[in-house]
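Here is the naming used below: chain letters follow the sequence lines, and residue numbers restart at 1 for every chain.
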There are 2 protein chains.
Amino acid sequence: MPEDVELSSLAARRPTERADAARNRRLVLDAAAKLFAVHGVDGVSMDAVAREAGVGKGTVFRRFGDKSGLAVALLDDRERELQEGILSGPPPLGPGVPAAERITAFLDAYVDYLSGHLDVLRLSETAVPGARYRIGSYRFWHRHLAILIREADPGADADHLSHVLLAALSADLVHALRADGHDWERIRAGVLDLAARVLPPGRDARSPGSRPGCDA
Amino acid sequence: MPEDVELSSLAARRPTERADAARNRRLVLDAAAKLFAVHGVDGVSMDAVAREAGVGKGTVFRRFGDKSGLAVALLDDRERELQEGILSGPPPLGPGVPAAERITAFLDAYVDYLSGHLDVLRLSETAVPGARYRIGSYRFWHRHLAILIREADPGADADHLSHVLLAALSADLVHALRADGHDWERIRAGVLDLAARVLPPGRDARSPGSRPGCDA
DNA sequence: TCGATAATCGGACCGCAGTCCGGTTGATAT
DNA sequence: ATATCAACCGGACTGCGGTCCGATTATCGA
């Protein structure tokens, strides 16, 4: 099953980390979580995080690269949870059911993920232009979807189509939808309906390029 | 035809503008266009634009709000061109053909628009988080698509679905696709295929919620 | 032509993201 | 225990986006 091997290779971590480095990582992450909770994601500067953590600014940036990287690190645990559910959890999120079902399950789970961490996710995706597409987890979601779409409909441009499905889950878009009054169940229904339109059940294993035209 | 009235109301402009203000607007826009062409969108600071234009920094920001606003102003002409093609141009972009055809024509034209101004569009959409959804032109495209989708498939959540179609045309996404090796025709084909999957021809005027199931 | 008025102008100013490098400290081998 | 060295630390520094307000100037009525 080469799928799992490829996917899990996207989530490696360095083995050795000096004790002070590990301590400071925790200090910074805890400080960031605390400040975000109190002042909101937009009301916290990197200086403030460093000050609250009791470390220098340089430390924060060396560990996390930029503000987007700090947000990614904050999401790490929840993100791995979802990734493990995909790799080895029970179906339909994990393996064992037809691709179309797994796609639906993934999108459904991702909406939950979004709804629980919208602000930090948005920060991680928008702090720097293009950040979203460079983040390791995006690559993971994309690869997962692309594999499933290729299985569900070999005639599609799975690579492009999975980017597009993920675009519907962009934290910035969803934030705008929320601000426009869409509740979470409407967003969820919209995304699932989209998937159903794009990859209707029964499309599996058709000849490439053929689309169910309903006779003439 | 209330559609055109509503849409055109999104593109108003202030009537009176002082002579020096108008002169400086042109100076700034010309300077920005020149510097962007020479140094690339990312290599130009607002100070540099102001200096090149021979005006103060405050002037630039008061006229255009922020960097995203400057980009919007630079796109203004081309954007209005597309908007006028939609409102009163020849079909299939303009009125006069079934909604599904107009949707396809719009997406096709928008890919051309993207390909001609990707960098500046990306700047206008990503300079500030959420900028894309606040820009007047986005509201225009969204309203246009929503009206057409409502006509083509009354059972769909047209509001959400048009956001999603536009998400596939996000300048930041398309920039990432280009950086990943997708050529313009592949992107165009992907978007048009998406529209065909989401709103297949023959869906018009069906009963709400019914989807062509191709029998059992 | 000229004064009153309101809008515009522009550069000093602020806070923040991100960089840099000399000093410090934890890990390892002897 | 201690010497060695790589890795880490942290605060000063830079450049940029964005704000502010006193000076300036276009516009309009008389």
> Of all residues at least two apart in sequence or in a different chain, which pass the side-chain contact (heavy atoms from CB on, under 4.5 Å) check with A:S124?
Replying inline: A:A71, A:V72, A:L75, A:L121, A:I135

> Just to confirm, is there a sub-4.0 Å distance from OP1 or OP2 of C:dC9 to any side-chain nitrogen or oxygen of B:N24?
Replying inline: yes

Give every donor-acceptor pair under 3.5 Å between a side-chain atom in residues 174-181 of chain B and any protein atom, sequence neighbours left out.
residue : atom : partner : partner atom : Å
B:R178  : NH1  : B:H182  : O            : 3.4

> Can you tell which of B:R150, B:H142, B:R143 makes a side chain to side chain donor-acceptor pair (under 3.5 Å) with B:S162?
Replying inline: B:H142

>> Output the rounded distance in Å from NZ (A:K57) to P (C:dA17).
In response: 7 Å

> What ring-ring contact (aromatic ring centres under 6.0 Å, His included) pairs are there with at least one residue in residues 75-95 of chain A, not counting sequence neighbours?
Replying inline: none

> Along nucleotides 21-27 of chain D, 5' to 3', which nucleotides get a B, which get an S, and which get a -, given that the test is a protein heavy-atom distance under 4.0 Å?
Replying inline: ----BSS

> With sugar-phosphate meaning primed atoms plus P, OP1 and OP2, does B:K67 contact a base, only sugar-phosphate, or nothing at under 4.0 Å between heavy atoms?
Replying inline: sugar-phosphate

Listed pairs under 3.5 Å, donor-acceptor, residues 27-36 of chain A side chains, sequence neighbours left out:
residue : atom : partner : partner atom : Å
A:D30   : OD1  : A:R26   : NH2          : 3.1
A:K34   : NZ   : A:E52   : OE2          : 3.1

>> Applying ring pair (Phe, Tyr, Trp, His ring centres under 6.0 Å), can you list everything that pairs with B:Y133, at least two apart in sequence or on another chain?
In response: B:Y138

>> Could you tell me if the side chain of B:R186 sits less than 4.5 Å from the side chain of A:D159, heavy atoms only?
In response: yes

>> Could you work out, with salt bridge (Lys or Arg N to Asp or Glu O under 4.0 Å) as the rule, every residue matching A:E81, not counting sequence neighbours?
In response: A:R78

> For B:F106, which residues count as a ring pair (Phe, Tyr, Trp, His ring centres under 6.0 Å) partner, sequence neighbours excluded?
Replying inline: B:Y110, B:W141, B:H144

> How sharply is the helix from C:dT1-D:dA30 to C:dT30-D:dA1 bent, taking the axes over five pairs at either end and rounding to 10 degrees?
Replying inline: 10°

>> What is the separation between atom CG on B:L123 and atom P on D:dG17, rounded to the nearest whole Å?
In response: 10 Å

>> Applying a 4.0 Å non-hydrogen cut-off, can you work out what A:V60 is touching in the nucleic acid: base, sugar-phosphate, or nothing?
In response: nothing

>> Strictly by ring-ring contact (aromatic ring centres under 6.0 Å, His included), give each pair with a member in residues 60-94 of chain A just once, sequence neighbours left out.
In response: none

> Taking only residues two or more places apart in sequence or in another chain, which ones pass ring pair (Phe, Tyr, Trp, His ring centres under 6.0 Å) with B:H117?
Replying inline: B:Y113

> Counting side-chain heavy atoms from CB outward, which of C:dC9, D:dA12, D:dG10 is closest to A:V55?
Replying inline: D:dG10

> Expressed in angstrom and rounded to an integer, what is the separation of B:F61 atom CZ from C:dA12 atom P?
Replying inline: 16 Å

> Tell me, which of residues 31-54 of chain A have any heavy atom that sits under 4.0 Å from an atom in DNA chain D?
Replying inline: none

